[in-house]
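The structure appears right after this line, and notes come after that.
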Amino acid sequence: MEIFGIILVVVLITAIAATISALLKDGRGHNPPIKSTEAWSAFEAPSTPYWNPRIY
């Protein structure tokens, strides 16, 4: 019975270490940079901010 507890502890420690390692390595230049090639468009958005008072 103790062997199962030891195996469980080892698996949990390994999983926690792998998670921490993956979180620390994430986002350190391994992903390609985002390039914008198309013109930006807001489609149906108004040309003035929503917080501006409007006269109806």
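This is a predicted model, so every value here is computed, not measured.
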Quick check against the 3.5 Å criterion: does Ser21 have a side-chain atom that pairs as donor or acceptor with the backbone of Ala17? no

For Ile13, which residues count as a side-chain contact (heavy atoms from CB on, under 4.5 Å) partner, sequence neighbours excluded? Val9

Between Thr19, Ile20, Thr14, which is the residue that forms a side-chain contact (heavy atoms from CB on, under 4.5 Å) with Ile16? Ile20

What's the separation between atom CG in Leu8 and atom CD1 in Ile3, rounded to the nearest 0.5 Å? 12.0 Å

